[in-house]
Number of protein chains: 2
Amino acid sequence: MSEIRTSLSIGQVAERTGLSVHALRFYEREGLFVNDVRRGPGGRRVYSEDDVDWLTVCIILRASGMPLPALRRYADLVREGAGNEEERLRLMREHYEHVTAQIGRLTQSLDLIRFKVGVYEDLVDQGSVSARQCHAPSLSAGEERTPLLRHEAVVE
Amino acid sequence: MSEIRTSLSIGQVAERTGLSVHALRFYEREGLFVNDVRRGPGGRRVYSEDDVDWLTVCIILRASGMPLPALRRYADLVREGAGNEEERLRLMREHYEHVTAQIGRLTQSLDLIRFKVGVYEDLVDQGSVSARQCHAPSLSAGEERTPLLRHEAVVE
DNA sequence: GGTTGATCTAGAGCCGAGTCTAGTTCCTAG
DNA sequence: CTAGGAACTAGACTCGGCTCTAGATCAACC
């Protein structure tokens with residue numbers, strides 16, 4: 001029934017997850033683990049595959065901007081066991097909203113960025129042609145900046 | 001030819017942009033303005049609409065994760081005037097890549113988050129039915145956590 | 001002339017999320 | 001027995017990006 005579970009050192013877990021050993025200890029201090037990290041002889045941390053699985057979830061939640069306190073809250077709920085699924089659901093939904101909102105903001109920003117890339121592509125293309133005809137570009141220094149700034153603010 | 005340009009106090013700019021007056025002074029110290037902020041009588045900052053336009057761009061770039069040093073670099077290039085469009089283009093393209101990568105990561109994370117929301121929705125639905133039949137849910141405490149963790153790691 | 005309230009400067013403080021250090025202990029190999 | 005490398009703890013440090021404070025100045029109104 002109880003399989004031989006692979007047990008991993010902190011170094012191995014670090015390698016596998018991409019977290020630093022420092023970060024792993026830090027996460028532990030912060031109470032982000034669902035199961036207390038076991039200790040081997042000499043007081044060394046022994047991690048299970050489950051720990052790595054959980055860390056994988058943590059990493060994804062962190063990567064999507066969940067702050068440590070929320071992550072700790074979530075770990076607390078899971079540690080507590082069945083019966084608090086409503087709250088876990090709330091927490092996850094809230095995070096879901098955050099992430100979609102963030103994607104929305106980034107996507108909006110991308111409009112401006114794309115626009116700017118376009119502007120500079122055009123300018124560079126023009127420049128590479130007119131540069132071999134005349135050292136001064138076709139627009140004066142005064143003209144150069146203002147129209148750019150004028151358009152810059154127009155995001156939509 | 002030269003229109004009467006509206007000039008704004010730091011407070012007005014703060015209100016308009018959503019940045020704090022502190023942040024505005026901080027941005028100035030950091031060299032993020034393209035045009036030196038003018039000073040009125042008594043040494044008070046006087047902003048133009050152009051400044052606000054530029055700040056709007058800054059805010060969008062910041063919101064999309066551009067770090068202050070990059071933003072400063074960009075401001076430097078624009079301040080320098082025409083002739084460095086290739087570098088501006090590089091900078092913007094680089095940022096474009098960062099933002100799309102970030103959107104990608106977030107979208108991926110969303111898979112897990114959506115999955116979890118689904119799991120907890122199901123559990124809550126089940127629970128609200130069986131809860132009025134039996135205080136203990138249909139799965140034992142031991143069973144409860146492990147399958148969740150097992151699935152948790154499966155992102156794809 | 002006195003009181004608000006906005007602004008000024010220089011610099012200190014804060015928060016989140018780790019990272020790094022010092023000094024020690026432990027395991028393994030030669 | 002010794003050297004090397006990995007791990008241990010507690011706590012200091014870093015970094016980015018502001019935010020806040022103190023103490024002074026200034027403009028406007030009663």
Side-chain angles (χ1 to χ4, degrees), chain A residues 7-33 36-48 51-52 54-75 95 98-99 102 105 109, chain B residues 6-33 36-48 51-52 55 57-75 95 98-99 102 105-106 109:
Chain A
S7 50
L8 305 161
S9 72
I10 195 169
Q12 289 172 314
V13 173
E15 199 173 346
R16 233 156 264 225
T17 59
L19 295 166
S20 71
V21 295
H22 300 294
L24 286 169
R25 291 193 275 247
F26 171 68
Y27 277 19
E28 188 178 338
R29 275 207 298 282
E30 292 291 296
L32 300 187
F33 280 87
D36 287 356
V37 177
R38 290 174 296 148
R39 296 304 180 112
R44 298 187 170 201
R45 290 171 177 82
V46 175
Y47 298 87
S48 67
D51 292 327
V52 173
W54 174 251
L55 282 171
T56 307
V57 173
C58 289
I59 288 165
I60 292 168
L61 293 176
R62 286 287 306 120
S64 53
M66 182 179 282
L68 291 191
L71 199 42
R72 169 164 41 221
R73 178 83 191 112
Y74 183 47
H95 186 54
H98 281 153
V99 176
Q102 179 61 6
R105 273 191 295 275
S109 301
Chain B
T6 56
S7 50
L8 305 162
S9 73
I10 194 168
Q12 289 173 314
V13 173
E15 199 173 346
R16 231 156 266 225
T17 59
L19 295 166
S20 71
V21 295
H22 301 294
L24 286 169
R25 291 194 274 247
F26 171 68
Y27 276 19
E28 188 178 337
R29 275 206 297 281
E30 292 291 297
L32 300 187
F33 281 86
D36 287 355
V37 178
R38 291 173 298 147
R39 296 305 178 110
R44 299 188 170 200
R45 290 172 177 82
V46 175
Y47 297 88
S48 68
D51 292 327
V52 174
L55 281 172
V57 174
C58 288
I59 288 164
I60 292 168
L61 293 176
R62 286 288 304 121
S64 54
M66 183 180 281
L68 291 192
L71 199 43
R72 170 164 41 222
R73 178 83 190 111
Y74 183 47
H95 186 55
H98 281 154
V99 176
Q102 179 61 6
R105 272 191 296 274
L106 290 179
S109 301

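Every heavy atom of this structure was used, including side-chain atoms; hydrogens, water molecules and symmetry mates were not. Chain A is the first sequence line, chain B the second, and so forth, proteins listed ahead of strands; every chain is numbered from 1.
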Less than 4.0 angstrom between a side-chain N/O of [X] and OP1 or OP2 of [N], yes or no?
{"X": "A:S9", "N": "D:dA7", "answer": "yes"}
{"X": "A:R25", "N": "C:dT21", "answer": "no"}
{"X": "A:R39", "N": "D:dT9", "answer": "yes"}
{"X": "B:Y27", "N": "D:dC18", "answer": "yes"}
{"X": "B:R62", "N": "D:dC18", "answer": "yes"}
{"X": "A:R45", "N": "D:dT9", "answer": "yes"}

D:dC18, C:dT19, C:dC8: which one has an atom nearest the side-chain heavy atoms of B:I10?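 So the nucleotide nearest the side chain must be C:dC8.
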
For the side chain of B:P41, starting at C-beta, report the closest nucleotide among C:dT19, D:dA27, C:dT7. D:dA27

Atom CG in B:D51, atom CG in B:D36: separation rounded to 0.5 Å? 10.0 Å

Any side-chain heavy atom of A:Q102 within less than 4.5 Å of one from B:L106? yes

Do the side chain of A:R44 and the base of C:dC26 come within less than 3.5 angstrom through a donor-acceptor pair of N or O atoms?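 Looking at the base of C:dC26, it does pair with a donor or acceptor on the side chain of A:R44 (distance under 3.5 Å).
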
Can you tell me how far C1' of D:dT9 sits from NE2 of A:H22, to the nearest Å? 13 Å

Quick one: which of A:E28, A:E30, A:H22 gives a side-chain contact (heavy atoms from CB on, under 4.5 Å) with A:F26?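 The passing option is A:E30.
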
